[in-house]
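In what follows, a structure is listed as structure tokens, so that the remarks can point back to it.
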Protein chains: 2
Amino acid sequence: MLTERQRSVLDFIQREQREKGITPSTREIQNHFRFASQTSVMQYIATLERKGFLNRHARKARALITPAMKVRITDIPIYGQIPAGMSTLTEQSIEGHVSLDMRSANVLKNRGTFALRVRGDSMIDAHILDGDIVILEDTKELHNGDIVAALIDGETSLKRYVVEHGRPYLKAENPRYPDLVPARELKIQGVVVSLIRKQERRRRQ
Amino acid sequence: MLTERQRSVLDFIQREQREKGITPSTREIQNHFRFASQTSVMQYIATLERKGFLNRHARKARALITPAMKVRITDIPIYGQIPAGMSTLTEQSIEGHVSLDMRSANVLKNRGTFALRVRGDSMIDAHILDGDIVILEDTKELHNGDIVAALIDGETSLKRYVVEHGRPYLKAENPRYPDLVPARELKIQGVVVSLIRKQERRRRQ
DNA sequence: AAGTATTATGTTCAAAGGAACATAATCACT
DNA sequence: AGTGATTATGTTCCTTTGAACATAATACTT
């Protein structure tokens, strides 16, 4: 699809975007490849655009857009512990951020998405482990079987939301943990939509 | 830290970066806020830079860098099936991409990182499920207990790499699957460093 | 009332940067 | 030998864009 030279120009553009944060100008590309003429760059850009590897805003400076930038990345805050209330998602309690594309994060909207670091093994039978990052959405729609973050005794806890005989309760996915049956005044903070795990690797053994 | 007006300027810059793919020029910012003078924008930018909310390349066009862009996002290709050989990671077999920040992805380098969609439940006891995306690194260092993608009978398969009595073998994390004992000529394609799961949610019940 | 940060205007300048045109060498393929 | 795509040069033009300077109205604090 692309010639070797065309590929290297595209690579350079993307590398600069990643490393410097800005798109190179045509003259910067020219200098990097030691072209005697800037027109060479214009031709490469035109070709890359024609072949669909590049988009651009005509007549604007540094306005090349590569597919890598097109994916909508969302920035999800990770909370150590969500303070009671949930309306007060203060910046203070943010432990970090995950940035990933919306499709992989399984989120649709930008608002009301947050993440928690899982503590303990109460959801181990749902294959959610201690240390996992779960991404949650603050949604109204709650379905039977959803895994939710709920506020119980002032602490945020991950449980499965189950409706049986018309009555909802919160179920831990570990036989060693009790269910929370009369789930009155449920403070559901969010529904788990996806999960990120850093795989442990033992060094030397 | 920031005044309301300063915040809204920063928000506008970041929103444009996300939605259009390019940083707005000072005059574009000016028009958006209906400033009669472009100098107002220059003052906001200077303030935002002084307060550390913005970086910029002086005297370059559209060269504002916001913290949101600073996180190193890596673009990881997802392969449906890795073709035998591994040296031929052709674009054809790419099923999609995951984009996430390198820290969350648990990767250090940019090269030799790829992802696979997990098929089957042979790793269920390691809490890796059918449909999960596993991110792998093509590394030389292989430790006892690592979960690896290996080429077995022309198919890529996820197994745990175990060394017992000095002999390595590949172990499935599901009693219903056999271990692959005499692991001679092991074609290890990569080591699992992280995992992304889209949580299933049943609609209506 | 004085001092200072913030927000705003009006104007001018020079550099940065995209675009176009004519021309030509090289290579692959027929 | 002829055709076309790719790669390359040299030059010119003009818009875009960042930067600077002088000035001033608010707003907040002391």
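Sequence lines set the chain letters: A, B, ... in the order given, protein chains first and strands last, and positions in each chain run from 1. Computed from a prediction, not measured in an experiment: that's the story for all the values here.
- In this model, no side-chain donor or acceptor of A:Gln38 finds a partner on the base of C:dG17 within 3.5 Å.
- Nucleotide C:dA16 holds its C1' atom 15 Å from the CG atom of A:Leu64, rounded to whole Å.
- Using a 3.5 Å distance cut-off with no hydrogens or angles, the side chains of B:Thr156 and B:Gln189 do pair a donor with an acceptor.
- Under a 4.0 Å N-O distance rule, the pair A:Lys171/A:Glu173 qualifies as a salt bridge.
- A:Tyr44 and A:Phe33 have their aromatic ring centers separated by at least 6.0 angstrom.
- Not a single donor-acceptor contact under 3.5 angstrom links the side-chain atoms of A:Thr39 to the base of D:dA8.
- Comparing atom distances between the A:Lys60 side chain and each of D:dT17, C:dG17, C:dA8 picks out D:dT17 as nearest.
- Between the side chain of B:Ser25 and the base of D:dG18 there is no donor-acceptor pair of N/O atoms closer than 3.5 Å.
- In terms of phosphate contacts, A:Arg5 brings a side-chain nitrogen or oxygen within less than 4.0 Å of OP1 or OP2 of D:dA8.
- Computed from coordinates, the B:Gln43 CD to C:dT4 C1' distance equals 14 Å when rounded to whole Å.
- No hydrogens or angles were tested; on distance alone, nothing pairs the side chain of A:Thr26 with the base of C:dG17 as donor and acceptor under 3.5 Å.
- The base of D:dG18 is not paired with the side chain of B:Arg59 by any donor and acceptor separated by under 3.5 Å.
- Of the side-chain N and O atoms in B:Gln30, none sit less than 4.0 angstrom from OP1 or OP2 of D:dT17.
- Checking the phosphate oxygens (OP1, OP2) of D:dA8, a side-chain nitrogen or oxygen of A:Tyr44 falls inside 4.0 Å.
- For B:Tyr169 and B:Tyr161, the ring centers sit 6.0 Å or farther from each other.
- Judged by closest nucleotide on DNA chain D, A:Thr47 is the one of A:Ala36 and A:Thr47 placed further toward the 5' end.
- Heavy-atom distances to DNA chain C give each of B:Ser40 and B:Ala61 a nearest nucleotide, and the one nearer the 5′ end belongs to B:Ser40.
- Residue A:Lys51 places its side chain closer to D:dT6 than to any other of C:dG17, D:dT6, C:dT9.
- Here the C1' atom of nucleotide D:dT17 and the CD1 atom of B:Ile22 are 12 Å apart, to the nearest Å.
- Between the NE2 atom of A:His57 and the P atom of C:dA19 there is a distance of 12 Å, rounded to whole Å.
- At whole-Å resolution of the value, CD1 in A:Ile29 and C1' in C:dG18 are 11 Å apart.
- The phosphate of D:dT9 has neither OP1 nor OP2 within less than 4.0 Å of any side-chain N or O from A:Arg34.
- Using a 3.5 Å distance cut-off with no hydrogens or angles, the side chains of B:Asp101 and B:Ser104 do pair a donor with an acceptor.
- Atom pair B:Met42:CE and C:dT7:P shows a separation of 16 Å (rounding to whole Å applied).
- We find that CD1 of B:Ile45 is positioned 14 Å from P of C:dT7, with the value rounded to whole Å.
- Judged by distance alone with a 3.5 Å cut-off, a donor-acceptor contact links the side chain of A:Arg27 to the base of C:dG18.
- In this structure, CD1 of A:Ile13 is placed 14 Å from P of C:dG17, rounded to the nearest angstrom.
- Side-chain proximity of B:Arg56 to the nucleotides D:dA19, C:dG10, D:dT7 is greatest for D:dA19.
- Salt bridge status for B:Lys20 with B:Glu28: absent, with no side-chain N to carboxylate O gap under 4.0 Å.
- With hydrogens and angles ignored, no donor-acceptor pair closer than 3.5 Å exists between the side chain of B:Thr3 and the base of C:dA5.
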